[in-house]
Participant: 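Please find one structure pasted underneath; my questions will follow.
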Number of protein chains: 2
Amino acid sequence: MTKAPTVYDVAAHAGVSIATVSRVLRRPDDVRPETRARVLDSVRSLGYVPSGAARGLAGRRHGVLGLFLPGHDGIDLPEPDWERVADASRIPLIDDREGRPAPPATTGTETANAAAAATANANANANANANANANATATDAPRSASNPANLYFDEVLRGAEVESWRRGFALMVAAGRGSSREVMLNDIAGRVDGLAVLAQTVPDDLLAHVSRRIPVVVLADSRPGDELDHVGVDNTAGMRALTDFVLGRDGGGRVRDVVYVAGPGDSPDEADRHRGFDEAVVAATAATAAATRQGHGPVRVRVERGDFSREGGRRAGEALVASPDPLPQAVVCANDQSALGVLDAFVAHGVDVPGRVAVTGFDGIEAGRFSTPRLTTVRQPMNDLGRVAVRTIVTRLTDPSAPPLRVTLPVEVLLRESCPAR
Amino acid sequence: MTKAPTVYDVAAHAGVSIATVSRVLRRPDDVRPETRARVLDSVRSLGYVPSGAARGLAGRRHGVLGLFLPGHDGIDLPEPDWERVADASRIPLIDDREGRPAPPATTGTETANAAAAATANANANANANANANANATATDAPRSASNPANLYFDEVLRGAEVESWRRGFALMVAAGRGSSREVMLNDIAGRVDGLAVLAQTVPDDLLAHVSRRIPVVVLADSRPGDELDHVGVDNTAGMRALTDFVLGRDGGGRVRDVVYVAGPGDSPDEADRHRGFDEAVVAATAATAAATRQGHGPVRVRVERGDFSREGGRRAGEALVASPDPLPQAVVCANDQSALGVLDAFVAHGVDVPGRVAVTGFDGIEAGRFSTPRLTTVRQPMNDLGRVAVRTIVTRLTDPSAPPLRVTLPVEVLLRESCPAR
DNA sequence: CTGAAAGCGCTAACAA
DNA sequence: TTGTTAGCGCTTTCAG
């Protein structure tokens, strides 16, 4: 590692020119076998590893694709517990049996709190070195599946990684937000052949800027108006299908009183999903004539404004419970987090779900598979999002002049116990 | 995107030299504000993005860290369902209610089968376009948390990503195995300032080769003998602590008949864990005198050879059930997969766990949190593994001549229902 | 089949 | 404060 050997070193060592060294590495068949072997030997004994930078510069191709994610600002993973690292032999026993206190609930502040708790707890363990059976749930929870948004990224990342690998590209991942974002984005953009950017991560002008240099595909952002390639999921159709089901359009239309827990007003996802919800309601209302004949009235809709957070959902749920109005028959939420919050509130007040009221989400996060009751939702194909993104870039790379691509990935409605069976 | 502008273009446009352009980007304070503004304007209007390759070449620093993972050979994720992509409005309703058929069990072949099933199923949906309620569990399962090994990587990846981000590095991820491995590794090694490699991924000589160019840290590999930095987890202490608990050393030593389901013989993890197990057994046996006084005999140990797979565990479990010998009081498995397989076998034969026999695993994979009964295990700090790896590289970067680092991360014993409470 | 030489785009002395 | 000028290590014609 003193001074990395270069083509020149290898060439000298093997008694050939640098061009030959390069050939041996790039097109081995263009070199006489003996020469090749000699060069390869030199490579070996010198410990030569070609410089990717030089290669990229000379060859104007990197063999690398980029994925840009939102920064991890709020994440605040607990630090590795250095006290324990110092003495790894102290193994805590953690009681993770059922019946332990429910995991904390908020999203934003929760993480920080949990992290703090974990640290405190770990220190307690380290210092006291007693009470090995201490309930360390706080340590347990936050280390793994705490922040669902992350799981989302994880899946996209994984999909992109797999597909890149298949296509013979390496994947460069970067994250940024705030001021670090612009720097990072430029940095990464200068080192890759194409870039996938998760929506809401980067302002439009920056994207436009970067896309003048390399192909950029935008993930999960329905906003139109740019010339970039887009890969998204069908929020509208998904929510429409789910709402259709909830309203029981093909089941007799028995549900006529429903609440929509919305997301933040500036979210394209919220807009699309809300539209899908409205479409389903309109359709159901149009069917009112028929429904009325069966003894049902028009669909009554109320909207609670949420913010995609579990806490926001909980507030909405509390509001519904506290309201003088009777509970609706169903609460359709703009995302899973909100829905879980609503469930929290209902559970806290002993509201029977789905007996008294149905609750649905959107996203398909893991937590919804393990809530009580398990959450009916629409699952997004996160993995495919990453994979198709990579494909799109590769396609674009081969045909830079093709018109902008707009891929919409299908979603699936997942029926689980938070909705009554039919 | 026609022809990416360079420093020269910007310099010309702004009426300055290329050095000034470079300065504006690297050390803005060294440039007179007016000049800076002028250059920045040119950058903007030209759509200039500096070439990372050229920068890396000239500056001999990439600002990128590498993470090398095992290839995804066996993974075989189902392809995105292109039929449905073409018509995203067809939204399938999937019945994911409890009581659906148990997920398939094997690890290796399972994935492929499930994928095939998913495809078949999806096509069926597409063609028939009826029977929206078709049980599509096959589609459901494999898309998400199918392969636990992946979750493992995901967490490491995530940890590395977060930490890299904090340190101002981008992270380059590559995977390889077989022949693609060498190429990929060299490729990535030439583009990063330091590299973390997951154990068992790369043969030692290749690692040695690469490490002559950049710092390399090896993850989760206890093999000694090289001069590289290592970050691992304390397999031995973890298994010892767990086995201590199982044998009830501090609970009266009531368990005297135990089976160890081993992993593959060439795995360092298996070796370390096995050692921990043996240590605990020896300790318990040493305590026999005391135990005997309480009416207990020496510890009886049997070993079943597994292979870290669920199927291997199942076979071991079947063997135990079929054996003329009585069931042991506890089955300690070298990893979670094996333990889940043992559970499968026991459940299939109506063996009461933990009533009749206790079962434990090692790793802390998600599936163990949701098995029946939930699995007592040792959790590895995957996330920290990634994070500490990055820290280690950064440390090494600042002091290349420091002696090789050996970090061992602590583990935690997670007590869950597959072991009797005490 | 092999070698010579011209860049690729940028950074970092060193001058001015 | 700004400009000039070497490289950084490799790929790639174009000759030989």
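The sequence lines fix the lettering, A, B, ..., with proteins before strands; numbering per chain opens at 1.
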Participant: Round to the nearest Å and state the distance from B:Arg213 atom CZ to D:dC8 atom P.
Facilitator: 13 Å

Participant: Whole-Å distance between D:dG7 C1' and B:Leu57 CG?
Facilitator: 10 Å

Participant: Hey, does the side-chain of B:Tyr8 have a donor or acceptor N/O within less than 3.5 Å of a partner on the base of C:dC10?
Facilitator: yes

Participant: Does B:Arg32 put a side-chain nitrogen or oxygen below 4.0 Å from OP1 or OP2 of D:dT1?
Facilitator: no

Participant: Rounding to an integer number of Å, can you tell me how far A:Ile18 CD1 sits from C:dA4 C1'?
Facilitator: 9 Å

Participant: At less than 4.0 Å, is any side-chain N or O atom of A:Ser17 found next to OP1 or OP2 of C:dG3? Yes or no.
Facilitator: yes

Participant: Hey, is the main chain of B:Val388 close enough, under 3.5 Å, to the side chain of B:Thr392 for a donor-acceptor pair?
Facilitator: yes

Participant: Given C:dT2, is OP1 or OP2 found less than 4.0 Å from the side-chain N or O atoms of A:Thr35?
Facilitator: yes

Participant: Figure out the CZ/C1' separation between A:Arg61 and D:dG9, and round it to whole Å.
Facilitator: 19 Å

Participant: Given atom NE2 of B:His62 and atom P of C:dC10, what is their separation to the nearest angstrom?
Facilitator: 16 Å

Participant: On the nucleotide C:dT2, are OP1 or OP2 found under 4.0 Å from the side-chain N or O atoms that A:Thr20 carries?
Facilitator: no

Participant: Nearest 0.5 Å, please: how far is CG in B:Leu405 from CZ in B:Arg391?
Facilitator: 12.5 Å

Participant: For the OG1 atom of B:Thr20 and the CZ atom of B:Arg32, what is their distance to the nearest 0.5 Å?
Facilitator: 10.0 Å

Participant: For DNA chain C, whose closest nucleotide is more 5', that of B:Val21 or that of A:Gly59?
Facilitator: A:Gly59

Participant: Find the distance A:Arg191:CZ to C:dC10:P and express it as a whole number of Å.
Facilitator: 12 Å

Participant: Would you say the side chain of A:Asp41 lies within less than 4.5 Å of the side chain of A:Val39, judging by non-hydrogen atoms?
Facilitator: no

Participant: Please report, rounded to the nearest Å, how far the C1' atom of D:dC10 is from the CZ atom of A:Arg26.
Facilitator: 9 Å

Participant: Within the pair B:Arg55 and C:dT11, is there a side-chain N or O less than 4.0 Å away from OP1 or OP2?
Facilitator: yes

Participant: Has B:Ser22 got a side-chain N or O lying under 4.0 Å from the OP1 or OP2 atom of C:dC10?
Facilitator: no

Participant: Applying a 4.0 Å non-hydrogen cut-off, can you work out what A:Leu25 is touching in the nucleic acid: base, sugar-phosphate, or nothing?
Facilitator: nothing

Participant: Ignoring the backbone of A:Val16, work out which of D:dG3, C:dC10, C:dG3 is nearest its side chain.
Facilitator: C:dG3

Participant: Taking only the side-chain nitrogens and oxygens of A:Tyr48, find out if one of them lies under 4.0 Å from OP1 or OP2 of D:dC10.
Facilitator: yes

Participant: Distance from A:Met172 atom CE to B:Arg191 atom CZ, nearest 0.5 Å?
Facilitator: 9.5 Å

Participant: If you find the nucleotide of DNA chain D closest to B:Arg23 and the one closest to B:Ala58, which residue's nucleotide is nearer the 5' end?
Facilitator: B:Arg23

Participant: Could you state the CD-P distance from B:Glu34 to D:dT1, rounded to the nearest angstrom?
Facilitator: 11 Å

